[in-house]
Protein chains: 2
Amino acid sequence: MNKVLRKQMSSSQRALLELREKIFAGELAPGSDHLESELAEQLSMSRTPVREAVLMLEGQGLLELRPRKGIRVVPLSPEDMEEIYDVLTELESLAAECAARASHKEEDLRFLSTAIDDMDVAIANSDLDAWADADDRFHTELVRLGGNSRVNSIVHMMSDQVRRARMTTLFMRPLPTKSNEDHRKVYEAIKDGESQVARDTHREHRLHAKRIIVELLKKHRLRFL
Amino acid sequence: MNKVLRKQMSSSQRALLELREKIFAGELAPGSDHLESELAEQLSMSRTPVREAVLMLEGQGLLELRPRKGIRVVPLSPEDMEEIYDVLTELESLAAECAARASHKEEDLRFLSTAIDDMDVAIANSDLDAWADADDRFHTELVRLGGNSRVNSIVHMMSDQVRRARMTTLFMRPLPTKSNEDHRKVYEAIKDGESQVARDTHREHRLHAKRIIVELLKKHRLRFL
DNA sequence: GCATTTCATTGCGTATGCATTAAATGATGC
DNA sequence: GCATCATTTAATGCATACGCAATGAAATGC
């Protein structure tokens, strides 16, 4: 995130952003507890804006407020992952359906196709970070094209909740070579306005991804991420 | 809400509850703007806990913060209603599917069947308030039985967002006599563990309800509720 | 008149300090 | 030793104060 933009930001905004980053980076470890005053010092500001940021992050499911026990970075159990993937499956499928129905012009779908191409390249280079980035862009853009702002924000919220865990599992699973076929099918369906196909294809894609992740977590006995 | 419990509540909690009530009751009108200090005075507390409550309510989509313009009670357009109903359709269908798959014992489903019976009674008495209450309980319980805590909280959030509008439309539409047939079908499917039937039936039920509401809003040219 | 600048107002963002209350510690009785 | 109660500690919840910055009004220039 741009440091220049940050200068003219309110302290609460800064707290929000920096806490998010620290959470995603694992700098604030999952399951760890922190005091308001401690976080305030880390961010070199008073408790007030920190409290506000923490409240918002609690609403987004990233922190848990336990008065006098500490502010906990919520850890994810495999069951939580299942919950989240189920929500993502339903809402992204809806988004795919709506995107197809909206009959977008091909140029509106450029971001989507670029993301798909980037994933191909990333896989060819075995570049997992690049793949994850492109995959993120695909899903973000898909949901944006769906045009439902609630779906959009919920999906982003859920994606944020699994962000940390995703980084971990990404390097444990086999290269997602086949997954881009699904992405292409979804793309084509949207382009051709085949809403039912878009929906069903994406749904299958997501259900499959969920199964892989859940088995992975079970196999490696990862209880909290 | 119990007044005794409220005594031992923190001011922020009280602010949260009372603002919610005022919003649902229309005492804070949709689209209206308010200053922090104004709300603080109404609730006879300082700005600090009000700010905290307002932040949380913003996160729940009930308020919109527009610094120096006022805190706006977000109004719902017909498009917003469509968005919300679409989310509810997907997530409640998922919940129905999961509830069926979870193979609950019949006694676990008692709340559900009671709610259905209550709707029958309410319809027989043409008691719309009682019907709305029972319908609410049905959907709440359905989602609870689904066992996905994220689905649960999202559905509650969306239901809160449409709460006001629902009250209005409720009295404009014909008595929902047929709708209880759907509820019963969903109930039976859950009891018998037929997850696909539960899902599809509830989905149809919701899609139908959405169509009715949307047409109603169009017909009456209700632009903001 | 209309546009532009200046100025006053005031709502908000943040820091700070105090009151509250939950947890931890120690004291007392059994 | 162990349980119970008093005491201490310290983190939170809230009120308050203050400065900044945005907004609207007034004043000035064109």
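Bear in mind the structure is a predicted one, so any value in this text is a computation, not a measurement. The sequence lines fix the lettering, A, B, ..., with proteins before strands; numbering per chain opens at 1.
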Regarding [X] and [Y], does a basic nitrogen lie under 4.0 Å from an acidic carboxylate oxygen?
X: A:R203; Y: A:E90; answer: yes
X: A:K218; Y: A:E215; answer: no
X: B:D86; Y: B:K210; answer: yes

In whole Å, I'd like the distance from the [atom1] atom of [X] to the [atom2] atom of [N].
X: A:E52; N: D:dT12; atom1: CD; atom2: P; value: 16 Å
X: A:D33; N: D:dA11; atom1: CG; atom2: P; value: 13 Å
X: A:L65; N: D:dA11; atom1: CG; atom2: P; value: 16 Å
X: B:H34; N: C:dG11; atom1: NE2; atom2: P; value: 14 Å
X: A:R66; N: D:dG13; atom1: CZ; atom2: P; value: 13 Å
X: A:R47; N: C:dC18; atom1: CZ; atom2: C1'; value: 11 Å

Return no unless some side-chain N or O of [X] is found under 4.0 Å from OP1 or OP2 of [N].
X: B:S12; N: D:dC14; result: yes
X: B:R51; N: C:dG13; result: yes
X: B:S11; N: D:dG13; result: no

Flag for [Y]-[X]: side-chain donor and acceptor within less than 3.5 Å:
X: B:S77; Y: B:D80; answer: yes
X: B:E97; Y: B:S195; answer: no
X: A:H156; Y: A:N152; answer: yes

Given that A:R68 and A:T48 both sit by DNA chain C, which one's nearest nucleotide is further toward the 5' end?
->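 This one resolves to A:T48.
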Interface residues of residues 35-43 of chain A with DNA chain C (non-hydrogen, below 4.0 angstrom) =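 Hits under 4.0 Å, by residue number: none.
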Name every residue in residues 53-64 of chain A that has at least one heavy atom under 4.0 Å from any atom of DNA chain C, in order of residue number, or write none if there are no such residues.
->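 By residue number: none to list.
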Close aromatic pair by centroid cut-off 6.0 Å: A:H183 and A:H139 =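 Close enough - the centres of the two rings lie under 6.0 Å apart.
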With the side chain of B:P49 defined as its heavy atoms from C-beta on, choose the nearest nucleotide among D:dT12, D:dA15, C:dT14.
->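 Nearest to the side-chain atoms of B:P49, counting from C-beta on, is D:dA15.
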With the side chain of A:K69 defined as its heavy atoms from C-beta on, choose the nearest nucleotide among C:dA23, C:dT14, D:dA21.
->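 The listed nucleotide nearest to A:K69's side chain is C:dA23.
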Calculate, to the nearest 0.5 Å, the distance between atoms CD and CD belonging to B:E83 and B:E79 respectively.
->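 B:E83 CD to B:E79 CD: 8.5 Å, rounded to 0.5 Å.
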Of all the heavy-atom pairs spanning A:A165 and A:L76, show the shortest one and how long it is.
->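 Scanning both residues completely, I find the closest heavy atoms to be CB-CD1, 4.5 Å.
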